[in-house]
Amino acid sequence: MSSRYNPQDAEPKWRDAWRQNDLFKAKHPSDAGDMPKAYILEMFPYPSGRLHMGHVRNYAMGDVVSRHKKAKGYNVLHPMGWDAFGMPAENAAMEKGVHPGEWTYQNIAAMKAQFEELGLSLDWSREFATCDVEYYGEQQRLFLKFLEHGLVYRKASKVNWDPVDQTVLANEQVIDGRGWRSGAPVEQRELTQWFFRITDYAEDLLEKLKELDRWPDKVRVMQENWIGRSEGLQMRFEWVEGQALPASADPAGLEIYTTRPDTLYGASFIALSPDHPLTIALAENDEALQSFRETCAQIGTSEVDIEKAEKLGFDTGLRVADPVKPGKTLPVWVANFVLMGYGTGAIFACPAHDQRDFDFARKYGLPILPVVRPSIPGSPGDKSGTQSDSDSDQSWIESGLGEDMSGAYVGPGTIMNSADWDGLAIAEAKPRAIAEIAARGLGEGTTNFRLRDWGVSRQRYWGTPIPVIHCDECGVVPVPVEDLPVKLPDDVSFDKPGNPLAHHPTWKHVACPKCGTPAHRETDTLDTFNDSSWYFARFASANDPAERAYWLPVDQYVGGIEHAVLHLLYSRFFMRAMRDVGEVDLPSGEPFAGLFTQGMVTHETYKTGNGRWVSPDQIELRDGVMVEIDTGLPVTVGAVEKMSKSKRNTVDPKAIIATYGADAARWFVLSDSPPERDVEWTEAGVEGAARFLQRVWSLVDAVAESGPGADTNEATALDVRRTAHKSTHAIDTAIDEFRFNSAIAAMHEWVNQLKKTEGKGADAARSEAADMLIGCLTPFMPHLAEACWQRLGHEGFVSATAWPDIDPAMLVDDTVTLPIQVNGKRRAEISVAKTASPDAIEAQALAEPALQSHIEGKAIKKVIVVPGRIVNIVVA
RNA sequence: GCCCGCGUGGUGGAAUUGGUAGACACGAGGGACUUAAAAUCCCUUUCCUGUAUAGGAGUGCCGGUUCAAGUCCGGCCGCGGGCACCA
């Protein structure tokens, strides 16, 4: 008996058995009967070639959910594939001379083997890689459909250029002014690029966020901010007559956008973006302005200290009429802080109530005219609640002169110095201003979004070729659908910087599909975020197109928070676009009904005295001092950080699985920390998990040994049964709510109880409980669970067995223990029948001997009885 | 600067949404078994009152609401994340 469980022997055996029985294949809708469907998906991995702990945690979570749903009777789809296009393959080609495709497929094979070792309940029948020609060919077909429906267009624009990867980046892919992958400072370049009209959907993408109630608020807020809706006024400032305007300028006036029409009376000047068409036109005949534009462009690319970037301006000498002060005119400046990409690229400046305008006005000696009086504290509209600390420097209210202001006032208040608008609250003045300007035909209320169209052209080889042909005669010609896929050529070289497709001697030379004259292919490929924007729809229909509508949307998506904006926003756009071109039947356009973003796996870091990082398996304790094993040098323990190669604090899952088994690794990454938070990997932690594994095994062994038998101790048996049902219920809901750490704690407690009741006359109850325990354990430690299931004498797989039945009668106790408080302090506890009336409870509580010293001789003012919870006696 | 989120033992964290704070685990200490070790098992482990059947304090800080606050409200402090010249 009491053998030890050996994961190294048992785990591969069970995985083989699952595979042979095709246990995790999703049922075709026509075979599913009335089973509800559950599409569980983890963000598919990039095939780097090796698994890391972050993967283990991500896929373990998805697997728990997936196995749980299966046990609960759902028809589960839990597929896996590979996000296989991208730069690392090209880097490998450049460094090692391997073809990106070969490198990628080798990595996939290696990684798939490691994935299989985790014992995940995956339906591999739908596997694909995004670099499979079948996949990217389909993606090309989608592109052409988008093009046909006007969802794709080409335009020349300033783009973010990554000088290391030598390619364009979307705005979403620029983080802190650096390329999201290369980390290199991004430069601005003018290129002709393909764009997706994601802004067409801005309103809907924002609006529908509200309905994604199974998404983390955090992600919704991030997307909301990213889309960045603002309401304001777009209006025209008319030119002062008799000025020499460039030919291209609109004689009617200058269009600006503002969200503060209420401050129109505080207008001091107009500011144009350096990239505004009017600025460019003026610069053609003005060298000083041209050099000013160049200065701005340089600062624009340095990015890093943009915060400190000084306000720079250039007076064009032009003037416009002040729309609310007849006879008054305003100067037109070019200002480096005005962005061409937002609104109209021109603003009216109200220095008194905008900090940027204020800084600019101070620097160039422009007027500052306050038009908002701060709210009186405590009055309606005042949100500060306390004495405003700006009181001290508000002498400008009395003086009416902005020169006294120490900074722009942007808080709540009432309008002043604004003729008829005086006395209005800001919120009242805005619509009033818009209405008045509109009535005069000078503008109208508009909504603006921060979101820009998605630039998808990339100057890379290892991606989906954009299926169009450029013809001198016909212009841009889509590749005819029957000529798809446009395959990537295999014979490419990476010895030159830039795009290998553009360098290829023959690939791009084709005849124009329309006129037959020599033409050339587009050599740009699609941003790889395209690949991941619809792969989940492909999984759904991998075996039968008709399944797509059945499986979508994904019921539960699991992945990293780093995709909060990029991947998740693009996917939401893609589903809407695919819906609108008839490629997917998904009315809401929402691909992911539920989303969970998991935390990272972290580890302590170690450094030698000279600052060299040391890996965890290279250190040991010698005489109480941490040293590097090879050199004996002392090592200091640093911060706990995300596992990364550069910090050398990674732990290889392969080694962990070889030592402790997949179950222990899975168990540990899910225990202790809540799944959305980071978990610190520790050796002691895995050892604890491995210990628990053995504990379960020895428990099951003992239960199997003594057999079901009979219960001789009624009370203990009832206890055992109650715990079993309560625990099963607790674990059930904890899994549904992504509280895996709580589920694990419940299993620990349960096992502890079953251990303690060995030989206590509850064999029958313990035997039932053990069956239930193994059922609950299965999603977490599937291999061990199978072994235990077999040891307990069951046929078949526990992985294919229904979730244990919960008897509601077992969830409530006959008697409950109630704490008794006196004036809110706990003084005693009593045991009462579940059904006891509040009066009976009160009587029993007041009679409790342990309480007497606290209530004796005191007047009882009130007794609060909350049945099943607490009794509180209030005494004088 | 703006927008989110979070502050609980030595550590990771529980606490049924206002009702016994510290479940569970890690670590630490003590003990049993053993020739010994490993493994396993048992006990202790928020702080203070030298002892505790007992009492007091306690969930970042200050105040409030309530019979009752880790949980709700107001104000501070600290940490983490996102956005960042978006008019």
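Note that the structure is predicted; figures quoted are calculated from it, not measured. We name chains A, B, ... by the order of the sequence lines, and we start the count at 1 in each one.
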Report task. In whole angstrom, give me the gap between the P atoms of B/G22 and B/U59. Result -> 14 Å

Report task. Sticking with atom P, work out how far B/U66 lies from B/G29, rounded to a whole angstrom. Result -> 50 Å

Query raised in the report: B/U40, B/C24, B/G56: which one has an atom nearest the side-chain heavy atoms of A/N752?
Result: B/C24

Query - Shortest non-hydrogen separation from A/S671 to A/V679 and the atoms involved - result: O-CG2, 4.3 Å

Query raised in the report: Can you list the stems that RNA chain B is part of, where a stem is at least 3 pairs in a row, each Watson-Crick or G-U, with both distances below 3.5 Å?
Result: B:1-7 with B:77-83, B:10-12 with B:24-26, B:27-32 with B:40-45, B:46-49 with B:54-57, B:60-64 with B:72-76

Query - Nucleotide of B/C85, B/A68, B/A87 approaching A/K311 most closely (side-chain heavy atoms) - result: B/C85

Requested in this report: Check whether any side-chain N or O of A/N741 sits under 4.0 Å from OP1 or OP2 of B/A25, and answer yes or no.
Outcome: no

Query raised in the report: Relative to the ring of A/F780, is the ring of A/F740 parallel (under 30°), tilted (30 to 60°) or perpendicular (over 60°)?
Result: perpendicular

Query raised in the report: Can you tell me if the side-chain N/O atoms of A/R739 get under 4.0 Å from OP1 or OP2 in B/A15?
Result: yes

Query raised in the report: With a 4.0 Å cut-off on heavy atoms, is A/R260 in touch with a base, just the backbone sugar-phosphate, or nothing at all?
Result: sugar-phosphate

**Report entry** Residue closer to the 5' end of RNA chain B, A/M222 versus A/V338 (nearest nucleotide)
**Finding:** A/M222

Query - Check: A/T605/A/N649 side-chain N/O donor and acceptor closer than 3.5 Å - result: no

Query - Gap between atoms CH2 and P, on A/W750 and B/A14 respectively (whole Å) - result: 21 Å

Query - Given RNA chain B, 5'-ward residue of the pair A/F348 and A/D217, judged by closest heavy atom - result: A/D217

Query raised in the report: Roughly how far apart, to the nearest Å, are B/G27 and B/A39 at atom P?
Result: 11 Å

**Report entry** Selected nucleotide, minimal atom distance to A/F337 side chain, candidates B/A84, B/C4, B/C85
**Finding:** B/C85

Requested in this report: Please state whether the base of B/C67 and the side chain of A/K861 form at least one donor-acceptor pair under 3.5 Å?
Outcome: no

Query raised in the report: Between the side chains of A/R695 and A/N752, does any donor sit under 3.5 Å from an acceptor?
Result: yes

Requested in this report: Starting at atom CD of A/Q355, determine the distance to atom P of B/G1, rounded to an integer number of angstrom.
Outcome: 11 Å

Report task. Report yes if a side-chain nitrogen or oxygen of A/R695 is closer than 4.0 Å to either non-bridging phosphate oxygen (OP1 or OP2) of B/C41; otherwise report no. Result -> yes

**Report entry** Interatomic distance at C1', B/G75 relative to B/A21, whole Å
**Finding:** 26 Å

**Report entry** P gap between B/A84 and B/G74, integer Å
**Finding:** 29 Å

Query raised in the report: Of the candidate nucleotides B/U20, B/A14, B/G19, which contains the atom at the shortest distance from the side chain of A/S742?
Result: B/A14

Query raised in the report: Rounded to the nearest 0.5 Å, what separation is found between the CZ atom of A/R229 and the CG atom of A/L205?
Result: 13.0 Å

Report summary line: Whole-Å distance, A/R869 CZ to B/A69 C1', equals 15 Å

Requested in this report: Please collect all salt bridge (charged side-chain N to carboxylate O under 4.0 Å, His left out) contacts where either partner lies in residues 741-751 of chain A, sequence neighbours excluded, each pair once.
Outcome: none

**Report entry** Within 6.0 angstrom of A/H729 NE2, more than 12 heavy atoms from elsewhere
**Finding:** no

Report task. Flag yes if more than 12 heavy atoms outside A/K861 fall under 6.0 Å of its NZ atom; otherwise flag no. Result -> no

Report summary line: To the nearest angstrom, the CD-C1' distance between A/E749 and B/G13 comes to 14 Å

Requested in this report: Could you work out which one of B/A87, B/C26, B/G82 sits closest to the side chain of A/T259?
Outcome: B/A87

Query raised in the report: Which nucleotide in the set B/A23, B/A87, B/G19 lies at the smallest distance from any side-chain heavy atom of A/Y257?
Result: B/A87

Report summary line: In this structure, CD of A/E737 is separated from CZ of A/F596 (nearest 0.5 Å) by 11.5 Å

Query raised in the report: Where the side chain of A/R827 is concerned, which of B/G55, B/A87, B/U17 is the nearest nucleotide?
Result: B/G55

Query - Side chain of A/L339 (C-beta onward), nearest among B/A87, B/G81, B/C3 - result: B/A87

Query raised in the report: On a whole-Å scale, what distance lies between the C1' atoms belonging to B/G10 and B/C42?
Result: 23 Å

Report task. Check every strand shown and say whether A/K726 touches a base, only sugar-phosphate, or nothing at a heavy-atom separation below 4.0 Å. Result -> nothing

Report task. Please work out whether B/G9 sits syn or anti, treating a glycosidic angle within 90° of 0 as syn. Result -> syn

Query - Distance, C1' atom - from B/C26 to B/A36, rounded to whole angstrom - result: 28 Å

Report summary line: Rounded to whole Å, the NZ-P distance (A/K825 to B/A69) equals 9 Å

Query raised in the report: For atom P, what is the distance between B/A23 and B/G12, given to the nearest Å?
Result: 15 Å

Report summary line: Checking B/C42, B/C67, B/U40 against the side chain of A/K862 (C-beta onward), the nearest is B/C67

Report task. May I have the distance from A/N336 (atom CG) to B/A87 (atom C1'), rounded to whole angstrom? Result -> 14 Å

Requested in this report: Send over the distance from A/H748 NE2 to B/C24 C1', rounded to a whole Å.
Outcome: 7 Å

Report task. Take atom CD of A/E676 and atom P of B/G13, then tell me their distance rounded to the nearest Å. Result -> 10 Å

Query raised in the report: Heavy atom of residues 664-673 of chain A under 4.0 Å from RNA chain B: which residues?
Result: A/D672, A/S673

Query raised in the report: Counting side-chain heavy atoms from C-beta on, which of B/A14, B/C3, B/A84 comes nearest to A/W226?
Result: B/A84

Requested in this report: State whether A/R677 places a side-chain N or O below 4.0 Å from either non-bridging phosphate oxygen (OP1 or OP2) of B/G80.
Outcome: no

Requested in this report: Look at all strands and tell whether A/V866 reaches a base, only sugar-phosphate, or nothing, counting heavy atoms closer than 4.0 Å.
Outcome: base

Report summary line: Exactly one candidate in A/D719, A/D813, A/D732 meets salt bridge (charged side-chain N to carboxylate O under 4.0 Å, His left out) with A/K726; the answer is A/D813

Report task. Give a yes/no answer on whether the side chain of A/H729 brings an N or O atom under 4.0 Å of OP1 or OP2 in B/U16. Result -> no

Give the table of side-chain donor-acceptor pairs shorter than 3.5 Å for residues 337-352 of chain A, with sequence neighbours excluded, one pair per line with atom names and distance.
residue: A/Y342; atom: OH; partner: A/S230; partner atom: OG; Å: 2.7
residue: A/T344; atom: OG1; partner: A/E255; partner atom: O; Å: 2.8
residue: A/T344; atom: OG1; partner: A/A346; partner atom: N; Å: 3.4
residue: A/T344; atom: OG1; partner: A/A346; partner atom: O; Å: 3.3

Can you list, pair by pair, the side-chain donor-acceptor contacts under 3.5 Å of residues 867-876 of chain A, counting residues two or more places apart and other chains?
residue: A/N872; atom: OD1; partner: A/G824; partner atom: N; Å: 3.1

Query raised in the report: Can you pull the salt bridge (charged side-chain N to carboxylate O under 4.0 Å, His left out) pairs that have at least one residue in residues 665-676 of chain A, sequence neighbours excluded?
Result: A/D63-A/R666

